[in-house]
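These values consider heavy atoms only, across backbone and side chains, with no hydrogens, waters or symmetry-generated copies. Please read all numbers here as calculations on a predicted model, not as lab measurements. First the proteins, then the strands, lettered A, B, ... as listed; each starts at 1.
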Amino acid sequence: RYEPLLSEKANREVAVEDSPLPDDLTRDSLELPDPAEPELARHYTRLSQMNYGVESGPFPLGSCTMKYNPSFTEDISRRADAAVHPDRPDSTVQGTLALCHRLQDYLGRIGGMDAVTLQPPAGAAGEFTGIQIAKAYHQHNDDERSEVVIPDSAHGTNFATAAMAGYDVVELPSGEDGRVDIEALEAAVSEETAALMLTNPNTLGLFERDIEAIADVVHDAGGLLYYDGANLNALLGRARPGDMGFDVMHYNVHKTFATPHGGGGPGAGPVGVTEDLAGFLPDPHVRSKDGGFEYYTPDHSVGKVHGYYGNWPVLLKTFAYVTRLGDAGLIDASAKAVLNANYLAEQIPYEVPFGPFHHEFVASASPQDAADAAKRMLDHGVHPPTTKWPEIVDEALMTEPTEGESKRSLDQLAAAFEAVHGEDDETLASAPERTAAGRIDQVEAARTPRLSWQALDSET
Amino acid sequence: RYEPLLSEKANREVAVEDSPLPDDLTRDSLELPDPAEPELARHYTRLSQMNYGVESGPFPLGSCTMKYNPSFTEDISRRADAAVHPDRPDSTVQGTLALCHRLQDYLGRIGGMDAVTLQPPAGAAGEFTGIQIAKAYHQHNDDERSEVVIPDSAHGTNFATAAMAGYDVVELPSGEDGRVDIEALEAAVSEETAALMLTNPNTLGLFERDIEAIADVVHDAGGLLYYDGANLNALLGRARPGDMGFDVMHYNVHKTFATPHGGGGPGAGPVGVTEDLAGFLPDPHVRSKDGGFEYYTPDHSVGKVHGYYGNWPVLLKTFAYVTRLGDAGLIDASAKAVLNANYLAEQIPYEVPFGPFHHEFVASASPQDAADAAKRMLDHGVHPPTTKWPEIVDEALMTEPTEGESKRSLDQLAAAFEAVHGEDDETLASAPERTAAGRIDQVEAARTPRLSWQALDSET
Amino acid sequence: MSESDVSTTGSPYAPHTPAETAAMLEALGVDDVEALFDVPDAVAFDGDFGIDARGERETRREAARLLRRNDDLTEFLGRGHYDHYVPSVVDDLSKRSEFLTSYTQYQPEIAQGFLQALFEYQSMLVELTGLGVANCSMYDAATALGEAATLSQRVRSVSGDRILVPEHLRDGKHAVLENYADGPDLSVESYPMDDGQADVAALAEMADEDVAMVYAETPSVRGVVAENLASVGDVTDDHDALFCLGSDPVALALLERPADVGADVVVGDAASLGIGTAYGFGLGMFVTREEYLRQVPGRLVGASEDANDRRAYTLTLQTREQHIRKERATSNICTNQAWVALRTAMHAAWLGPQGLVDLAEECVTRAEGLATRLDEVVGLQAPVHDGHHFREFVVRTDQPARAVVEDLAARGYAVHAVDEHLLQVCTTEVTADEEAAFVEAMAEVAR
Amino acid sequence: MSESDVSTTGSPYAPHTPAETAAMLEALGVDDVEALFDVPDAVAFDGDFGIDARGERETRREAARLLRRNDDLTEFLGRGHYDHYVPSVVDDLSKRSEFLTSYTQYQPEIAQGFLQALFEYQSMLVELTGLGVANCSMYDAATALGEAATLSQRVRSVSGDRILVPEHLRDGKHAVLENYADGPDLSVESYPMDDGQADVAALAEMADEDVAMVYAETPSVRGVVAENLASVGDVTDDHDALFCLGSDPVALALLERPADVGADVVVGDAASLGIGTAYGFGLGMFVTREEYLRQVPGRLVGASEDANDRRAYTLTLQTREQHIRKERATSNICTNQAWVALRTAMHAAWLGPQGLVDLAEECVTRAEGLATRLDEVVGLQAPVHDGHHFREFVVRTDQPARAVVEDLAARGYAVHAVDEHLLQVCTTEVTADEEAAFVEAMAEVAR
């Protein structure tokens, strides 16, 4: 089941000599794997067999929306006429600009936002863009602020993003119902509040019912309301961030719009803003002009968050997905996502302390260890939920089945939950036993970091 | 490990009504699986996981040349400008004709043949074409003949082809050295001999050293010499059928030229002939004309063996492979194929009764059961050899590793042979135990044929 | 792997390093791999092929350079080779190397995936035809027809050497049938058509006990939906002949079931699902009655059980086949079109029953709609034949058909010329958006 | 799945049949899925987006329709985004759904394949740079540079807020760096270049203890191979500043090892292997010294053992990351470019060490060869800078650069205009066959 490293199979050192450069500008040698194509193909085929993707089985990973990635979007993203260099004059890439303009428009409609940039190459990059926009907006108004307010149940990226942008983080404790506590929020905001970062429904799958009041509190304090788009799949066609009072938002296209996660990217994190903030969008932005399209620099642009225009092939897939689904498909996606989460929650033996939830729910594995329970689920051929987060739920199993799972698949998942629920701690602790690798020692990995085959070699 | 049928997952019956055709011309209903795309993707992904291909591991299948299939040839075969309709005028598909003409030329050079047709869609279709050409040739000379001579070690298709063309088969017993016995051949041929069908090296991997004498015997009797191209990979650049005296041959492009087997096709079986037989080639054939190309009907054409022009996408892959390798690559392919077979034979504990062999060898598993030994090899993660054939070797393990296996892979194979060699009959008989399915009951399958899900349903 | 010195290297797909080659030669006790070849000098080849090696990129460029010479035409072509949209997922799944590069399933324990897929393919054809046994595939529609003719020899109680085929039949199909008929000495004869339909009276007239098989098609090569198949079936019944029906899986989703009109064998090109336009590359469909099971040519997948009593699949009834039965086999077919069958099954499953029926209905409405529009063009009459059409129809043109074809090609369109003043036009969802411009082009060239 | 009635169906990727939906609703005791939404009326959206659903085929056509508006130009463009031929096998393997559709490897027991591939990617960068720690990826070269700047804040013993960058630097890279510098209040300043090389004397002049990081590139954005990197390293050493070097994996296969010139961090775009031209889509390379390990941004894969004592891989040192450390994380990066790193590793392995060196050498000889040929063209001088070039070079033109660019576009070619009379031209093996025609076109427009 273990597969040797490429370097163990076929490393080769070659001397660098008689190169067209003088010796003092070149290295002496290079040692890298040198598999022939048949070996290469078998190596990566084997590695793929030790990996689990959306097409491998159920994938109910909380807050990560692992939905089916339509094959045809790959074909569109790889069209030869889309493979253009980023330094070509606008006039020669009108197709690319037209498509970007269309996608900006689509995303704006979906989020209820007035303007959208496609540049951020990931959700966290979108957050950074959004917070930089908020910062630039306040600075433009000669209103320097130093704090960003974030609920304790928020994604870790929110905190890190605020810090990266130079803000102090004010953590907002969740209310008893798992939602924002208005009083706590009122206590947290001040004239130092640059923004509140919020996801809705939140990571418990709960809609922030008081969203209007929340918006008022933040806006009254002079702050902006930032929407983390991770959970947008729950609301497509039911509610739009722009209508709820959000000023800035990012879209996770690799969650909501089915672009593949790729084992950790590439994603894309377009950012939408209200009209007031449109002038602060990254440079450049696409607009129509004389029946064509052009790039321009928004008046008060925050500058750039990617060296070029972002993750273009990912944006093509987003365009393809949104175009394929249209209104009917998008609205049905959220309907089925919410139906699936509720149905699955109903079938499983673990308690779900908060509700009503939407596209995801957080069950409590207690008294079992949630991480151990998840490892045991692997033995049932399914991907487990996100575990131990958010901390508001004891031994959390954060579960988001997405609209892509059939009833049959949900029943299979429920059976896995059921089976694991009945098992003792010892069994759980020694799980998994049917996977390519047994339980992996994380502590050892961190205590003695070996991050390359060179590091392994130097050990022996 | 068992996966339900698509029909068990998602069958649906729909009524056919209100169709644009009158009711009496339409069926009443249609019941078929109706999976959504995510389910479809998981179904076939799962099925693929229960299947073994060349990229899954070593594949030393005798007489079948399972070599690595280069990925890039697929891309060429799927070019949009290659996806043309077969009924277009020649003048509008000059690219297709140019490519066919080039491939005809390449194959002619490789086989030492004067003219080549690309029409036969598989090796057996190539045999049929070749034998029909021989038949037409004799008829054209008012020389009706009734027999085809075939060595007992030949591929089953040779016998079936001869019968299909209306010939009686004269089976030629192998000589003691595993090769054609000239005296036996002399006894077998007569004025009724239309052709001798031979592969060289033969299925034992042995070169027919007396090929000149063999050709003389057949030709003297007025017969033609047919070359079965299954083993051509052994000889690329070392010897050519045309030079050995063969009059007709087929090429198995899915063996020698790396087009994928596809789980049993599509292949392609181009047929090469000497100048004397060129007029009998199938209709149509490509020739150059005024700097372009055209189809024409050879003067004495045998007609057609495929409704159109054969398996065009497979031919594109053949073109790509031959063009990629060129002389140097093709000649190296046979060198490494022969080296690999000899090296592997040297490493394994089973006896190899005949030699010197080329790209393949036939070991004897005796006293083990060859089929059982092969099943046990599955447990070692490798594909087993072809078993129990040819019958000239007791409990035959017909082994052809091809040039695509590395030394490392051959050593892995040798270790599998070694491990199986040491095991008792009981263990072998209960193998395999680590595969998606255990040993399958072939007798039951044939005794109670259930060839559709409808047949399964009607049982229950 | 370097692109720059391709011509001096060996096969890029032979993984041997020089050191490994040396070690292997040493293990064999020879200095040079040439020493392993046992080829007498007299027949040794020491020339070269004169084929220059190219890098992967250069090879792709060379293929592109050649193929670019194909004109870019919008094809309104059919007559047996059809273009339906194949979804990307079929490509992605079928190209998985475990499927694409696998071998025939002679080791079923490591081939359950492909076997199950083929079993599902067989089952779909059983549903579409109403007949009990579908094989794994033949090469194409023409060779499947040829095999049906030889089947008729094996299953018929009395001998007979006449094969009757419709007057409207593709030349290519006819020619292949002739080749299959050659070995068993069958004679292929055509029966007349009456306005696109089999002339059943004439057929009955021709039929006698020497007729082994009657072949009919629906839709016909001219796109006409047959309306008297049951009568054709009656004629074959009367003479104990095999009734072989040609069709395709899209049409079969809508048209009356072959079993219900008395068909004994159904053949045709099943690659109208799964492949699309590919210069005639096809998938021979072959479905027949259960009673002929042991005479079926080609491969069959059957259900069985494994050692753990779980359902499993395997190639079965192999004693019909050449690798066991040799010259007494039901056919010489060995490698067939398994991977195409896999794609066809995937495509059918992707469409689902409603999608298939919808697609078939679109083939009717689109053909009839386009015929109506062309009929309004001065100089054209369409459809020439009465009756219902599927995908395609014949058009009478005042201008010479060949001239129209040439003029259309210059405008970027391709249609068939079937006779001096007869064109044939085919349209599917793939050409839907081009129909309007096509009609305009027709109007320009037809007057 | 039907193509014909897409607009009325829901999501084609939600597998629910009406019966299943009903059963699920019944299990939940609600009549309608809308009852499950807990959205107050005041913020409920009851309009529509006005986006029409399309079938798969129609969606592809629509994308094609838009993208066709891109002109078909042969691009002699570089300046940070390069085209090298990516072999098909990289596509086929990386598109396997187990890779493409997988999640970040937080459950390592079912992600060993991707983890090992990323471990191998990290190892390749370690070999290419000579530095001890490579992360899994950043977004692109520009954001990697930004992260390097913030790293300098975390690892430097004394504080300092100046980041020195070369005068020749892509605007985009500069702008991204400014954004990363904004939070920690760093100031980005440019140091002068002397004929394509860093002006080390001027750099030394500017440097003081307030300098946190000095950034240099080899090859430079103008394609010039840096010859005085060791001296740049000395300057940074003198001031305890971080030396950040920009390069790419192809160049690193040939050029002196960053570790040998004193580089502390290596950044750049690694997608020159594995992706090719993709409108700026990249792969941020980030490699640094082992001593900075616990301050590295982004993901790291480490080797460990599983419960059966077999080697296994896992994401490690996650306490650096945002999902654990929140606002004290080394970066906010979460989703990165893992799949691109997979492709880059595949491409590098396909080339092998000799293939990589050969490719790098071709980048030198091809650039120098094309510069020589352009220098012979009346109205052009090339290369403008002395020294060695890699892939690209600057050309002086007598004609206004923008006019030349436009005239070339009309002839089907794209080059950069970098200044009023300066062009920049890039060539790789991908443009090899177009060079001759390009020089001719240049000759026509440059005089």
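Ranked by heavy-atom pairs shorter than 4.5 Å toward chain A, the options D:D91, D:D52, D:D269 are led by D:D91. Comparing D:A142, D:P108, D:C136, D:A44 by heavy-atom pairs within less than 4.5 Å of chain A, the highest count is held by D:P108. Top candidate by heavy-atom pairs under 4.5 Å with chain A, chosen from D:Q322, D:E109, D:R68, is D:E109. Looking only at heavy-atom pairs under 4.5 Å with chain A, the residue among D:A414, D:A278, D:A329, D:G276 that has the most is D:A278. Taking D:F37, D:F281, D:Y279, D:W339 one by one and counting their heavy-atom pairs under 4.5 Å with chain A, the maximum is reached by D:Y279. Comparing A:G166, A:A122, A:A83, A:A98 by how many heavy-atom pairs each has under 4.5 Å with chain D, the most go to A:A83.
By the 6.0 Å and 45° rule, D:R310 does not stack over the aromatic ring of A:Y2. A cation-pi geometry, defined here as NZ or CZ lying under 6.0 Å from the six-membered ring centre and within 45° of its normal, does not hold between A:K67 and A:F59.
Summarising the local packing, CG of D:D72 is surrounded by 12 or fewer heavy atoms from other residues, nucleotides or ligands at distances under 6.0 Å.
Taking 4.0 Å as the cut-off between side-chain N and carboxylate O, D:E62 and A:R102 count as a salt-bridged pair. A salt bridge links D:D38 to A:R209: one of the charged nitrogens lies within less than 4.0 Å of a carboxylate oxygen. In this structure, A:D75 does not pair ionically with A:R79, as no charged nitrogen and carboxylate oxygen lie closer than 4.0 Å.
Residue A:I211 touches chain D through its side chain alone, counting heavy-atom pairs closer than 4.5 Å. For a residue to count as touching a neighbouring chain, one of its non-hydrogen atoms must lie under 4.5 Å from one of that chain's; by this rule D:R96 touches chain A with the side chain only. Within the 4.5 angstrom heavy-atom criterion, only side-chain atoms of A:Y68, from C-beta onward, approach chain D. Looking at D:V126, both its backbone and its side chain come within 4.5 Å of chain A, counting heavy atoms on both sides. For a residue to count as touching a neighbouring chain, one of its non-hydrogen atoms must lie under 4.5 Å from one of that chain's; by this rule A:E346 touches chain D with the side chain only. Of the atoms belonging to D:R299, it is side-chain heavy atoms, and not backbone ones, that fall under 4.5 Å from chain A.
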Practice task
Please test A:E127 against A:T157 for side chain to side chain donor-acceptor pair (under 3.5 Å), starting from the C-alpha separation and ending with a verdict.
Solution key: CA-CA 8 Å; A:E127 293 180 22; A:T157 47; 2.7 Å; yes

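Neither side chain, A:N69 nor A:H261, offers a donor N or O lying under 3.5 Å from an acceptor on the other.
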